[in-house]
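Structure first, then comments.
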Amino acid sequence: MNQRFLALIPARYASTRFPGKPLAVLDGKPIIQHVYERVRKVFDHVYVATDDQRIADEVARFGGKFVMTGTHHKSGTDRCYEALCSLGEENFDVVVNIQGDEPFIAASQLECIKQQFENPQTDIATLVKPFAAGASFDELNNPNSPKVVIGNDGQALYFSRSVIPYLRGIDPAEWSQHHIYYKHIGLYAYRSVVLRLITAMPQGSLEIAESLEQLRWLQAGLHIQTAVTETETIGIDTPEDLERAQAFLAAHKQEAEK
């Protein structure tokens with residue numbers, strides 16, 4: 001049976017570290033437009049889910065679609081469920097949640113996450129990326145880069161801000177040379193019925209401990225299927241990240257012109 005996919009891009013104006021981030025200009029276009037245009041190449045049904053009229057107006061200006069949501073949401077997951085309800089939960093089998101600050105999201109990553117729903121056991125799908133062999137312990141130990149332990153079938157076993165697994169008897173400086181560590185890429189997709197379920201769940205003790213909402217879903221026994229991507233993306237959380245992204249684009253344009 002063909003799955004009916006809905007791609008949603010949650011976008012809010014009131015970011016603590018970078019207010020108005022979706023409207024910040026990168027290479028002549030707002031960040032939200034970069035994301036939308038990349039997602040539109042893969043999905044037929046794409047909407048920006050926003051609580052701010054300025055973002056909605058900009059999406060309409062470049063010809064995109066949007067759905068207005070409340071200002072009370074604590075996560076993009078909750079915002080996605082309100083958007084799904086507005087568009088009709090019965091109309092879509094799977095909801096894909098693409099962060100609005102990922103202007104370099106690749107079509108291959110979006111196609112990969114779609115494929116995970118060919119497995120009927122998949123409740124939720126997400127992406128992981130191997131840390132480079134030889135990555136320093138400081139890189140592994142960065143709490144802002146959650147790690148994932150996965151089973152032989154790709155099912156997520158646990159997410160943590162700590163370095164997991166612990167390699168007993170090996171100098172931590174050499175851990176990445178002895179084990180493949182995976183970092184989590186914050187792209188999610190959920191079956192529509194599962195999205196309804198997880199937004200109604202109370203926070204679990206693991207989620208509260210690590211401040212990672214996916215631990216609520218694991219603790220409840222849901223099957224989170226991971227897929228490995230080798231593609232590096234550049235998320236934009238601060239004005240400094242925007243400067244780095246602009247430099248990245250400029251460098252690649254120069255390479256293409258050589």
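These numbers come from the heavy atoms of this one structure, side chains and all, not from hydrogens, waters or symmetry mates.
Using a distance-only test at 3.5 Å, with no hydrogens or angles considered, a donor-acceptor pair links the side chain of Asp93 to the main chain of Arg4. Lys147 contributes no side-chain N or O that, together with a main-chain N or O of Pro165, makes up a donor-acceptor pair within less than 3.5 Å. A donor-acceptor pair under 3.5 Å links the side-chain atoms of Glu82 to the main chain of Gly70, judged by distance alone. A donor-acceptor pair under 3.5 Å is absent between the side-chain atoms of Arg216 and the main chain of Ile208, judged by distance alone. Judged by distance alone, with hydrogens and angles left aside, the side-chain atoms of His223 form no donor-acceptor pair with the main-chain N or O of Ile124 at under 3.5 Å. The backbone N or O of Ala14 lies less than 3.5 Å from a partner atom in the side chain of Arg12, making a donor-acceptor pair. For Thr122 (side chain) and Ala125 (main-chain N/O), no donor-acceptor pair under 3.5 Å exists by modelled atom type. At least one donor-acceptor pair closer than 3.5 Å links the side chain of Asn91 to the backbone N or O of Leu87. In this structure, Glu139 contributes its side chain and Ser136 its backbone to a donor-acceptor pair below 3.5 Å. Side-chain N or O atoms of Thr226 include none that pairs as donor or acceptor with a backbone N or O of Ala156 at under 3.5 Å.
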Kindly determine whether Val149 and Tyr181 satisfy side-chain contact (heavy atoms from CB on, under 4.5 Å), including the steps that lead there.
CA-CA 8 Å; Val149 172; Tyr181 286 89; over 6 Å; no
What's the verdict on side-chain contact (heavy atoms from CB on, under 4.5 Å) for Ile9 and Tyr47, showing C-alpha distance, side-chain angles and the deciding distance?
CA-CA 6 Å; Ile9 308 169; Tyr47 290 81; over 6 Å; no
After noting the C-alpha distance and the side-chain angles of Val48 and Ile55, does the key distance pass the side-chain contact (heavy atoms from CB on, under 4.5 Å) rule?
CA-CA 9 Å; Val48 173; Ile55 295 174; 4.3 Å; yes
Walk me through whether Glu102 and His34 qualify under side-chain contact (heavy atoms from CB on, under 4.5 Å).
CA-CA 8 Å; Glu102 290 279 357; His34 283 280; over 6 Å; no
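The minimum heavy-atom distance between Gly100 and Val35, with the atom names listed, is O-CG2, 3.6 Å. Minimum interatomic distance between Arg161 and Pro143 (heavy atoms only, all atoms of both residues): NH1-O, 2.8 Å.
Side chains of Asn97 and Tyr190: a donor-acceptor N/O pair is present below 3.5 angstrom, by distance only.
Once rounded to the nearest 0.5 Å, the distance linking CG of Leu127 with CD of Glu230 reads 11.5 Å. Distance check: Tyr182 OH to His179 NE2 gives 7.5 Å after rounding to the nearest 0.5 Å.
For residues 103-119, the set of pairs meeting the side chain to side chain donor-acceptor pair (under 3.5 Å) definition, not counting sequence neighbours, comprises Gln109-Thr229. The side chain to side chain donor-acceptor pair (under 3.5 Å) contacts involving residues 192-205 comprise Glu89-Arg196, Gln203-Glu207, Ser205-Gln219, where partners must be two or more places apart or lie in separate chains. Among residue pairs with one or both ends in residues 145-164, those qualifying as ring-ring contact (aromatic ring centres under 6.0 Å, His included) are Phe159-His184; sequence neighbours excluded. For residues 120-141, the set of pairs meeting the ring-ring contact (aromatic ring centres under 6.0 Å, His included) definition, not counting sequence neighbours, comprises Phe137-Trp175. The ring-ring contact (aromatic ring centres under 6.0 Å, His included) contacts involving residues 79-121 comprise His45-Phe92, Phe104-Phe248, where partners must be two or more places apart or lie in separate chains.
Checked for salt-bridge contact, Arg54 and Asp57 miss the test: no charged N lies under 4.0 Å from a carboxylate O.
Using a 4.5 Å heavy-atom threshold, the side chains of Asp123 and Ile224 count as separate. At least one side-chain heavy atom of Ile198 sits less than 4.5 Å from a side-chain heavy atom of Leu195.
Within a 6.0 Å radius of NZ in Lys65, no more than 12 heavy atoms belonging to other residues, nucleotides or ligands are found.
Val194 and Leu187 are not part of a single hydrophobic cluster, where members link through side-chain heavy atoms under 4.5 Å apart. Under a hydrophobic clustering in which Ile, Leu, Val, Met, Phe, Trp and Tyr are joined whenever their side-chain heavy atoms come within less than 4.5 Å, directly or via other members, Leu140 and Ile164 fall into different clusters.
Checking Asp237, Ile32, Leu242 one by one against Lys21, the side chain to side chain contact (heavy atoms under 4.5 Å, CB included) holds for a single residue, Asp237.
Among residues two or more places apart in sequence or in another chain, the side-chain contact (heavy atoms from CB on, under 4.5 Å) test is passed with Ala56 by Thr50, Gln53, Phe66, Met68.
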